[in-house]
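Here's the structure, in structure tokens; my notes come after.
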Amino acid sequence: MMRIIDKLPRTPKLNEKLVRMITGLLFLRDARLGNSENYGKIEPETVLQIMGNIAFLDDMFNGNKLNVEVSSVPRLVISGGINPAYRDNTKETSLVKQLYTLGGKRDWNDVLTKPEAKIINDRLNQNKYNPFVANTYLETTSTNLRENITFSKEMGFYTGAKNLYLFTTKENTLRAVATARKYLPDMKNISSISYTPTVPTMGVRVDEDNWANTPISQSYVYGEFLRVVKYYETNEILLTETENSKMFSILREFEQTK
């Protein structure tokens with residue numbers, strides 16, 4: 001199953017203005033979540049959802065926000081099924097396989113036979129890393145971000161919730177939040193908590209300051225921008241007026257730089 005938009009598309013030349021504009025659109029500011037004076041009290045109607053991305057499994061747990069002042073999250077949702085795109089012989093598959101099996105620690109067949117949510121949950125339990133006093137729910141059939149949200153909704157994982165925090169990669173924060181806005185209109189607060197994806201074999205950090213430094217990270221983030229545009233056009237995400245204006249400004253800038 002090929003993706004609608006390649007995960008690593010060919011990227012046009014990006015000038016400094018375009019880099020700044022894309023960064024300002026895609027990378028949302030992280031929310032604060034936790035029980036302390038600095039982070040505020042966690043409300044009982046709160047859900048924290050880990051959006052599966054098996055390529056960056058290690059990054060989820062290295063220097064992340066999950067263990068920062070988080071002592072009691074009422075509900076933890078981990079989402080992600082078996083992604084059929086990983087069965088295709090693509091540049092993306094090659095990169096994900098390289099990252100997942102780095103150092104020979106993991107079996108690639110797990111990714112092809114076990115839902116991403118189950119792999120992530122096993123990692124939490126294996127490392128005794130799970131800091132939550134929470135009810136944990138696994139959504140194990142989704143293959144994309146929209147399904148992460150809609151399938152979790154259908155399974156009742158958001159019932160009674162007012163606050164949703166989406167734990168995802170930095171460049172994915174806008175699309176994750178905008179997708180949740182679209183399909184969860186009654187949710188009072190939808191925010192993101194991000195971690196930085198890395199490509200250690202190439203020394204690449206995909207964050208606000210570094211994504212434009214290498215061709216592969218440019219391609220990764222540019223693909224994310226293309227998905228935001230595509231899903232806006234197909235009415236699968238809900239952007240604010242400011243986000244909408246930023247997106248169209250970027251499209252105009254691309255036209256002017258041709």
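By convention here, the first residue in the shown sequence is residue 1. Computed from a prediction, not measured in an experiment: that's the story for all the values here.
- Under the 4.5 Å side-chain heavy-atom criterion for Ile, Leu, Val, Met, Phe, Trp and Tyr, Ile190 and Leu26 are members of the same hydrophobic cluster.
- From Thr179, atom OG1 reaches atom CG of Leu166 across 9.0 Å, with rounding to the nearest 0.5 Å.
- With respect to Glu43 and Lys188, no salt bridge is recorded, no charged nitrogen being found less than 4.0 Å from a carboxylate O.
- Under the 30°/60° scheme for interplanar angles, the aromatic rings of Phe167 and Tyr195 are found to be tilted.
- One side chain, Thr93 or Thr90, offers a donor N or O that lies under 3.5 Å from an acceptor on the other.
- Using cut-offs of 30° and 60° for the angle between ring planes, the Phe27 and Trp211 rings count as parallel.
- Side-chain contact of Thr257 with Glu255: a donor-acceptor pair under 3.5 Å is absent, judged by distance alone.
- A distance of 12.5 Å separates CZ in Arg146 from CD1 in Ile237, rounded to the nearest 0.5 Å.
- In terms of modelled atom types and a separation under 3.5 Å, the side chain of Glu116 and the main chain of Lys118 share no donor-acceptor contact.
- Here the side chain of Ser249 pairs a donor or acceptor atom with the backbone of Ser245 at under 3.5 angstrom.
- Results of the salt bridge (charged side-chain N to carboxylate O under 4.0 Å, His left out) test with Glu253 over Arg20, Lys13, Lys17 single out Lys17 as the only residue that passes.
- One distance of note links CG of Leu239 with OH of Tyr231; it measures 13.5 Å at 0.5 Å rounding.
- Of the N and O atoms on the side chains of Tyr232 and Asn244, at least one donor lies less than 3.5 Å from an acceptor on the other residue.
- When the side chains of ILVMFWY residues are joined at heavy-atom separations under 4.5 Å, either directly or via intervening members, Met187 and Val47 end up in a single hydrophobic cluster.
- Taking the six-membered ring where tryptophan is involved, the planes of Tyr137 and Phe157 are tilted, since the angle between them lies from 30° to 60°.
- In the hydrophobic clustering of this structure, Leu238 does not group with Phe248; members are Ile, Leu, Val, Met, Phe, Trp, Tyr whose side-chain heavy atoms approach within less than 4.5 Å, directly or through other members.
- Checked by atom type and distance alone, the side chain of Thr173 pairs as donor or acceptor with a backbone atom of Leu28 at under 3.5 Å.
- Arg205 places no side-chain N or O within donor-acceptor distance of the main-chain N or O of Asn210, the cut-off being under 3.5 Å.
- Classified by interplanar angle (parallel below 30°, tilted 30° to 60°, perpendicular above 60°), the ring pair Phe225/Phe254 is tilted.
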